[in-house]
Amino acid sequence: MKKDTKIINAGRHSKWTQGVVNPSVTRASTVVFDSVKEMKHATANKANQVMFYGRRGTTTSFAFSDAMTELEGGAGCAIYPSGTAAITNAILSFIKSGDHLLMVDTAYEPTRAFCDTMLVNLGVETTYYDPLIGAGIEELIRPNTRVIFLESPGSLTMEVQDVPAIAEVAHQHDCIVMLDNTWGAGINFQPFDYGIDVSIQAATKYIVGHSDVMLGTATATEKCWPQLRENSYLMGQCTSPDDLYLALRGIRTLGVRMKQHQQSALKVADWLSRREEVETILHPAFASNPGHEFWQRDFTGANGLFSFVLNKGNQAALTALLDGMEHFKMGYSWGGFESLILGVSSVAAMRTATKWPYQYPLVRLHVGLEDVDDLIEDLEKGFERFNQVLES
Ligand SMILES: *Cc1c(COP(=O)(O)O)cnc(C)c1O
């Protein structure tokens with residue numbers, strides 16, 4: 001099945017849809033049984049998509065898990081109430097006191113914060129590594145290294161990692177390879193073809209696609225799935241069927257949304273690359289992006305999220321640019337239908353294993369589904385305000 005056809009069909013099995021187009025919203029804590037035999041059957045099969053108790057899932061969550069597994073691959077998908085919960089539960093499912101974790105230096109900030117606080121308290125040591133380290137990661141692997149965590153492209157700065165090179169070395173040392181695959185969104189990067197063991201997404205972003213639900217997923221290989229599933233269950237992870245229904249609805253338009261996000265973002269990035277205020281474009285599809293060659297080799301597309309670095313400016317000029325935006329509103333998220341902008345004046349403070357080479361602020365854009373010419377006009381006016389402050 002081709003990708004766009006898969007997106008339409010994923011998870012829509014008749015046992016979940018009961019013959020209508022969409023899976024039903026099954027709200028449940030209690031599942032009731034008429035006979036001891038039925039109850040025993042449900043109990044014996046509670047890990048295998050048989051309704052047993054609400055926390056183990058209902059037909060809605062089974063449909064969503066199936067959909068994500070069909071999109072990303074792997075043997076199964078655990079669901080969490082946020083992307084952050086997916087990251088922390090995936091790590092906690094495989095790590096124990098005394099273990100060592102390798103975390104990419106460009107990880108999502110709350111991922112770092114989790115390593116630097118809770119994992120420290122649990123007696124797990126984290127070493128941050130350069131996203132472009134590739135097979136060189138072998139030098140950082142210790143006898144107690146258990147998990148190697150990747151995020152590609154990196155948060156804010158978009159470095160694309162050599163996933164297969166890292167995974168190969170990791171597996172030689174019996175490490176579990178986890179990837180924050182939120183940017184790939186389950187359609188632009190197939191994690192299990194490149195040696196990933198656990199692929200995590202903030203489904204909050206492109207899967208939901210409408211900025212109205214918090215949701216996380218972790219899909220895993222046959223080998224890792226039982227441990228991920230059972231440990232996430234032990235930690236009590238479950239999600240509202242209404243939220244899952246909205247996520248399933250989001251999936252159906254993922255293909256067309258992504259094509260438009262990608263097309264518009266490339267046009268905006270191309271326009272920006274010709275602005276005299278711009279130092280560099282950090283978009284995986286641009287040759288200027290660190291690890292661009294790995295994006296070209298491993299990904300089948302891009303989306304609406306990228307960054308650029310300014311070659312001049314100060315906080316006042318950046319504020320003037322950001323404050324007057326009509327379409328690019330400021331927000332910490334991305335992946336919805338709407339455009340967003342984020343100004344970051346201190347990337348260097350967020351990195352410990354690598355040196356940030358730029359002096360001036362970074363701006364991250366999420367290019368939404370508005371008409372792209374309106375978006376470019378919005379940015380053009382932003383640069384006018386920016387330059388006015390610098391010239392005054
Ligand atoms: C947003 C985001 C997360 C966290 O997702 P939440 O649902 O907001 O908890 C994790 N990783 C990346 C790359 C993200 O952008």
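Counting begins at 1 with the first residue of the sequence. First listed ligand is number 1; within each ligand, the first listed atom is number 1. Quick caveat, the model's predicted, so the values are computed rather than measured.
- Ordered by chain and residue number, the residues placing a heavy atom less than 4.0 Å from ligand 1 are S82, G83, T84, I87, Y108, E151, S155, D180, T182, A202, T204, K205, M214, W334.
- R55 places no side-chain N or O within donor-acceptor distance of the main-chain N or O of Q237, the cut-off being under 3.5 Å.
- Relative to the six-membered ring of Y233, R56 meets both conditions, a distance below 6.0 Å and an angle of at most 45° to the axis.
- Here the two rings, on Y206 and W183, have centers that are 6.0 Å apart or farther.
- Side-chain contact between M330 and L322: present, with at least one pair of heavy atoms (C-beta onward) separated by less than 4.5 Å.
- The salt bridge (Lys or Arg N to Asp or Glu O under 4.0 Å) test applied to D99 returns K96, not counting sequence neighbours.
- Relative orientation of the F383 and F308 rings is tilted, given thresholds of 30° and 60° on the angle between their planes.
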